[in-house]
Amino acid sequence: MEYQSTRNRSVRLSSAQAIVEGISRDGGLFVPTSIPQVDREFLEKLGKMDYIGRAKEVLALYLTDFTPGELDACVRGAYGEGRFSHPKVAPVVKAGKGGPWMLELWHGPTCAFKDMALQLLPRLMTTAAAKLGDRHTIAVLTATSGDTGKAALEGFRDVPGTKVLVFYPQDGVSPMQKRQMATQQGENVGVFGIEGNFDAAQSGVKAIFGDRAFAEELEKEGIRLSSANSINWGRLVPQIVYYVSAYCDLVAGGLPMGERVDVAVPTGNFGDILAAYYAREMGVPLGRLICASNRNRVLTDFFQTGRYDRNRPFYTTDSPSMDILISSNLERLLFHLTGGDDQAVAGWMAQLSAQGWYQVPEPLREKAAEIFGAGSCGDEEARATIGRLYREEGYLADPHTAVAASLAGPGTLVVSTASPYKFPACVLEALGQVPAGEDFDQLDQLSRVTGTPVPAPLADLRSREVRFRESCDPAAMLQAVRQGLA
């Protein structure tokens with residue numbers, strides 16, 4: 001299996017090289033040159049395995065230059081005993097009797113779906129570097145809209161040969177998300193707020209990756225930049241696993257093998273739903289992929305009109321991890337749907353950078369619409385969905401999950417991306433309660449009201465010292481990286 005750039009298909013790398021590089025030097029994203037195929041026999045075999053076994057089988061299809069022993073060590077290190085609070089790691093549960101199926105991805109150490117990939121990525125990255133004989137210190141730069149940052153910090157914390165620096169919108173994450181990052185432990189971590197939104201942070205990180213003079217400067221110091229955002233294939237490929245695993249669990253729960261299941265995914269940077277697309281293209285019987293947006297409905301408009309336009313108002317919502325106007329992973333989908341037309345993709349991305357919009361041809365939009373559904377949901381409707389799910393089905397959802405659930409029918413698989421306890425004030429209000437006191441008071445209040453326990457990783461934050469208070473203008477991000485790597 002080789003990997004090519006979405007903007008220059010003549011670039012060919014191994015999976016180890018693609019993971020260490022993170023992003024192609026031409027600015028493109030790495031994608032597999034072919035998508036491996038699975039059949040009924042393969043899915044039936046996986047159905048008899050636990051999550052660790054399933055992960056090894058799926059990853060082996062994509063990471064063909066990793067040995068079975070290397071994959072075993074990486075996967076067990078990520079999902080082994082004690083790493084996740086649920087024995088199934090990514091369980092599928094029914095929301096009451098009449099609600100949708102929920103794929104819960106928030107049982108990891110930061111209570112968000114990003115743990116599913118970011119517990120594995122550091123192990124893949126350090127293994128890949130060793131395979132390549134690369135002795136550089138790997139400096140991981142990450143922009144976050146809320147959950148990626150904490151998961152990256154926790155995943156790379158004190159991993160030998162790595163440093164991780166995270167940038168987040170100072171006023172664009174929830175208080176609990178900010179607290180998680182500000183109290184992060186570890187000697188190789190750094191956290192910076194920026195005076196702007198997530199797109200400013202993401203654009204700043206991409207600009208640093210594209211600064212060849214800075215890369216040469218770091219090279220002399222024995223440092224190589226890489227990414228923990230889903231622009232890195234090593235971050236995206238673990239997400240394919242949980243869609244394959246979820247289908248196996250649905251079959252174990254009575255779904256006839258081969259029957260298609262629609263999937264609703266709360267979507268910001270398009271990585272999570274893109275992983276569902278890869279699983280579908282592999283032959284996993286997934287039906288419509290429902291791209292669920294909040295009020296920042298740039299993706300909804302794209303799928304409905306073929307025009308991607310970030311020149312619009314930016315809204316801060318109850319679902320901050322989806323407050324994004326530049327969805328990086330859409331580039332990968334465009335590459336696949338055009339049959340690998342790297343010149344067309346490069347042209348659209350250049351136009352997006354220069355003018356803030358691009359328009360794809362109508363036949364391409366129609367091709368996307370055969371696979372993807374799209375819709376959006378405002379805060380008021382999301383809160384109503386949280387209240388309805390709890391009142392009618394006894395299921396407690398966070399605001400991101402509620403956005404997807406608002407667009408889902410009873411037989412749909414809804415991707416549940418975060419613990420409701422990461423957004424206690426919003427969830428309490430959705431349940432008709434008046435939030436009392438500060439963040440930790442609200443955690444206790446939500447626990448009392450619902451009779452559910454506060455997740456240990458969040459409860460432990462009470463005693464954690466705040467270590468990171470710095471913020472910077474987006475224009476000063478390069479200097480912040482220099483400071484963080486000094």
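- Checking Y242 against D272 by side-chain atom types alone, a donor-acceptor pair falls below 3.5 Å.
- Side chains of N232 and E21: no donor on one and acceptor on the other come within 3.5 Å.
- Residues K422 and T110 bring no donor and acceptor atom of their side chains to less than 3.5 Å of each other.
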* **salt bridge (Lys or Arg N to Asp or Glu O under 4.0 Å) between R179 and D439, worked out** => CA-CA 9 Å; R179 178 86 178 188; D439 298 335; over 6 Å; no
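- A donor atom on one side chain and an acceptor atom on the other are not found under 3.5 Å apart for S327 and N269.
- Between the side chains of S416 and W106, at least one donor N or O lies within less than 3.5 Å of an accepting N or O.
- No side-chain donor from either of R235 and S230 sits under 3.5 Å from a side-chain acceptor of the other.
- Using bins of under 30°, 30° to 60° and over 60° for the plane-to-plane angle, the ring pair F192/F167 lands in the parallel bin.
- Proximity of a side-chain donor or acceptor of Y79 to a complementary backbone N or O of M116 within less than 3.5 Å is detected.
- No side-chain donor from either of T300 and S376 sits under 3.5 Å from a side-chain acceptor of the other.
- Formation of a donor-acceptor pair under 3.5 Å by the E470 side chain with backbone atoms of G193 is not found in this model.
- No donor-acceptor contact under 3.5 angstrom links the side chains of N229 and Q202, judged on distance only.
- The existence of a salt bridge linking E154 and R157 is confirmed by a sub-4.0 Å separation between a basic side-chain nitrogen and an acidic carboxylate oxygen.
- T412 and D262 form no side-chain donor-acceptor contact under 3.5 Å, judged by distance and modelled atom types alone.
- In this structure, a donor-acceptor pair under 3.5 Å is absent between the side chains of T144 and T142.
- With respect to the salt-bridge test (charged N to carboxylate O, under 4.0 angstrom), the residues E393 and R388 do not qualify.
- For the residue pair S471 and Q170, no side-chain donor N or O sits within less than 3.5 Å of a side-chain acceptor on the partner.
- Under the 3.5 Å distance criterion, the side-chain polar atoms of R332 are matched with a main-chain donor or acceptor of F30.
- Checking each of R295, R310, R312 against D301 for a salt bridge (charged side-chain N to carboxylate O under 4.0 Å, His left out) leaves exactly one that passes, namely R312.
- Checked for salt-bridge contact, R464 and D460 miss the test: no charged N lies under 4.0 Å from a carboxylate O.
- Remark: the H336 side chain and the Y277 side chain contain no N/O donor-acceptor pair separated by less than 3.5 Å.
- Ring orientation note: the planes of F270 and F372 are tilted relative to one another, at an angle of 30° to 60°.
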